[in-house]
Amino acid sequence: MNVLLLSMPDYFEHMPPLAIRMPNGALSSLAGNVDSHHRVAVADLILSYRRVRETVTRLVREFDPDVVGLSIMTFQRRTAGAIIDLVRALKPSVKVVVGGYDPTLASEAYGRLDVDYIVRGEGEITFRELLRALERSQSCDGIRGLSCRAGGRWVHNPDRPPHRLVDGEIRPPNRGARVLHGYTALGRQIDVVETSRGCTYDCSFCSIIEMRGRNFHTYSFERVLTDIRDARDHGARSIFLVDDNITLDVRRFEALCRAIIEAGLNTLDYFVQGMTSAIADRGETLAPLMRRAGFRYVFLGIENILQDDLQFLRATAKNTVRNNPRNSSNNATVKAIDCLHQNGMYVIGGLIVGNPGDTLESIEANLAFARRYVDWPYIQHPTPYPRTPMTREFQARGLIMIDRLEEYDGTTAVVRTEHVAAEEVEYVRWKAERWMKLRHMPAAFLHDPWFILRHAPRMFAHTFRGSTLRSLLRLENDRNAFERYKAIRRRERDYV
Ligand code: B12
Ligand code: SF4
């Protein structure tokens, strides 16, 4: 069968496609795990986000798929609906399969779209079994993790438990299936690699617990190193380790750094996401190893620097130094950041502002922290994704102001606090964050001078979109610039 796998083109403010275009890890993993006689094409539509209609039309005509699979996050649901309609119009007989976080956690919404199958949770084995059933015209009854239509209604087969990742049943990704090109992180080709799946924490805003429960499974180092080599052989010079929480087992992470160094794969740049407590606790041994292994950017889930907010986010434990639990999270965070800085790494600071109890002062305290300590701010607003505990609380308190899901991109405030309107929260964050981003340009220039020289004007224009010379010179109220920025964002969301 011909199988076309698509990831959505929708991007958000902190990932401008001019500078960052990453492959979707799910699709190449699915491509590596279907039976080998199928012909699979993977198209990450972020690579042609301005020509989505033309690209999908061309791919369907040239490739003539029997099955089209879409990987979808919640804020991409509207775009996914439009792409499904387009694919159907081009080839009515095609089987449409959806998977990923949104179809899993809001499967009822996909029942209303023109979709044939929903793959819930991890997809490799379920999708493999689905293709087998389709080509043999067999029933899908026994396929765990699958929802399908039967006699005009939806049947949801039992869940598939998370895979333990140990027996080689999940084969490595197939990067050769990608048919679009142009992945980049500031001019260097980037790829994604998994070393583990899952997390045992239960932060209230995170979708992962409902997606797969609280567990942590790891791939062997042999497999991880082979995967990194494969990414490099496909041209990657930067690797993003997309593990949910690689710092859950710090000793393993240290051993992985050593393995990367010994395998000579430390010539690549690495990006990773980590927990502040783990880095604060073990940073003295971990951070030098990370640096030697080639880690350059660490996305730190700081979440918030205030105790009340951390409690709301259920993120206190992961932000507390273990050997001194009375230390405020703030100290753990500063310690983690210091450790990373001393070892030459940059901190992408993940903060969440606009929680129910937030006032303008508490938001400002977080922004001031980001200004002082982080190299690249990644400040978001709490976003009520399907079935998270946080969503239930926002619903119960009547604080959700916007239900247009395409705006659930993390940097659009769709909830208000008890004290501050949603739009005000977003305005304050937007206003501060643009300038913080600018400060990282010299460091980026030193690493990738040609890219920055060529693209600095467009990067600046993106960061300050909505602003004019008059607003930058403060001859015009920033709120006008903010309104223009919001209008541009609205237009940008029409991808199809
Ligand atoms: C790495 C990552 C990123 C990376 C890279 C994204 C990329 N290009 O791959 C970056 C940092 C760029 C990113 C950004 C964002 N992310 Co993100 N990200 C993740 C993370 C940590 C891991 C995803 C991953 O690659 N996993 C490995 C792959 C193999 O697993 P998988 O994606 O789950 O896919 C499996 C199944 O879902 C399924 N499947 C998936 N797609 C399909 C399709 C088909 C057809 C089938 C059959 C099966 C299937 O099978 C796959 C294999 O088992 C997740 C999860 C987490 N723990 O927080 C969040 C997560 C996916 N991100 C999320 C969000 C919201 C975002 C942002 C909007 C904001 C943000 N929080 O930063 C932006 C938007 C990105 C953009 N497009 O502009 C949310 C999604 C919530 C939701 N309900 O939609 C998650 C769940 C985190 C959370 N907040 O809870 N993200
Ligand atoms: S530590 Fe990270 S991955 Fe784990 S539940 Fe919290 S936000 Fe999600």
Side-chain angles (χ1 to χ4, degrees), residues 3-17 20-30 33-34 44 46 49 67-77 96-106 117-128 130-131 145-146 160 162-163 170 173 183 185 190 192-194 197-212 214 216 240-248 271 273-275 277-278 299 301 303 313-315 317-319 348 350 352 378 380 383-388 390-391 405 408-411:
V3 182
L4 174 62
L5 298 174
L6 303 170
S7 67
M8 301 301 100
D10 314 49
Y11 61 89
F12 86 133
E13 200 185 331
H14 298 325
M15 293 280 157
I20 313 268
R21 297 186 294 272
M22 273 197 235
N24 172 301
L27 297 188
S28 28
S29 185
L30 293 171
N33 279 281
V34 300
D44 285 302
I46 188 70
Y49 67 100
V67 175
V68 171
L70 295 90
S71 181
I72 311 164
M73 289 197 228
T74 300
F75 79 111
Q76 302 170 329
R77 196 188 295 170
V96 174
V97 186
V98 292
Y101 278 82
D102 198 47
T104 301
L105 298 174
Y117 300 97
I118 304 170
V119 169
R120 309 184 322 269
E122 282 176 332
E124 288 88 354
I125 311 299
T126 311
F127 193 56
R128 184 190 298 168
L130 171 63
L131 293 189
L146 186 74
R160 179 179 293 277
H163 201 282
I170 297 190
Y183 301 110
I190 189 161
V192 297
V193 167
E194 294 180 90
R197 286 184 184 174
C199 179
T200 52
Y201 284 78
D202 67 342
C203 304
S204 68
F205 55 89
C206 181
S207 308
I208 187 168
I209 308 306
E210 277 296 323
M211 179 79 173
R212 51 177 295 123
R214 293 170 77 176
F216 181 65
F240 182 9
L241 298 183
V242 293
D243 300 36
D244 301 316
N245 189 351
I246 201 169
T247 50
L248 258 188
F271 297 40
Q273 24 194 28
M275 263 191 323
S277 60
F299 175 95
E303 321 307 3
L313 297 166
R314 289 204 213 146
K318 71 168 187 170
N319 286 328
I348 303 176
I352 303 179
Y378 199 95
Q380 301 193 57
T383 307
Y385 293 120
R387 285 173 40 188
T388 66
M390 189 183 77
T391 300
L405 295 181
Y408 282 35
D409 58 10
T411 53

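All ligand and atom numbering here is 1-based and tracks the order in the structure.
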Enumerate the atoms of ligand 1 whose separation from the nearest heavy atom of [X] is less than 4.0 angstrom.
X: Glu122; answer: 50 (O), 53 (O)
X: Glu124; answer: 52 (C), 53 (O)
X: Pro23; answer: 7 (C), 8 (N), 9 (O)
X: Asn24; answer: 9 (O)
X: Tyr378; answer: 11 (C), 14 (C), 70 (C), 72 (O)
X: Cys206; answer: 90 (O)
X: Met211; answer: 37 (O)

For ligand 1, is [X] a contact, meaning one of its heavy atoms is under 4.0 Å away?
X: His163; value: no
X: Ala26; value: yes
X: Ala106; value: no
X: Leu70; value: yes
X: Ser29; value: no
X: Tyr408; value: no
X: Arg197; value: yes
X: Leu30; value: yes

Heavy-atom nearest neighbour in the protein, as seen from atom 39 (N) of ligand 1, with distance rounded to 0.1 Å: Gly100 N, 3.4 Å

Does [atom] have a protein heavy-atom neighbour under 4.0 Å away?
atom: atom 30 (O) of ligand 1; answer: no
atom: atom 71 (N) of ligand 1; answer: yes
atom: atom 3 (C) of ligand 1; answer: no
atom: atom 62 (N) of ligand 1; answer: yes
atom: atom 87 (C) of ligand 1; answer: no
atom: atom 59 (C) of ligand 1; answer: no
atom: atom 6 (C) of ligand 1; answer: no
atom: atom 19 (C) of ligand 1; answer: no

What's within reach of atom 8 (Fe) of ligand 2, meaning protein N/O/S atoms under 2.8 Å? Cys206 SG

Mind checking what makes side-chain hydrogen bond (donor to acceptor under 3.5 Å, both in side chains) contact with Asn33, not counting sequence neighbours? Arg128

Are any of the N/O atoms in Pro386 less than 3.5 Å from those in ligand 1? no

Structural part of [X] in contact with ligand 1, heavy atom criterion under 4.0 angstrom:
X: Met8; result: neither
X: Ser7; result: neither
X: Asp102; result: neither

Considering the heavy atoms of Lys318, write down every atom of ligand 2 situated less than 4.0 Å from one of them. 1 (S), 2 (Fe), 6 (Fe), 7 (S)

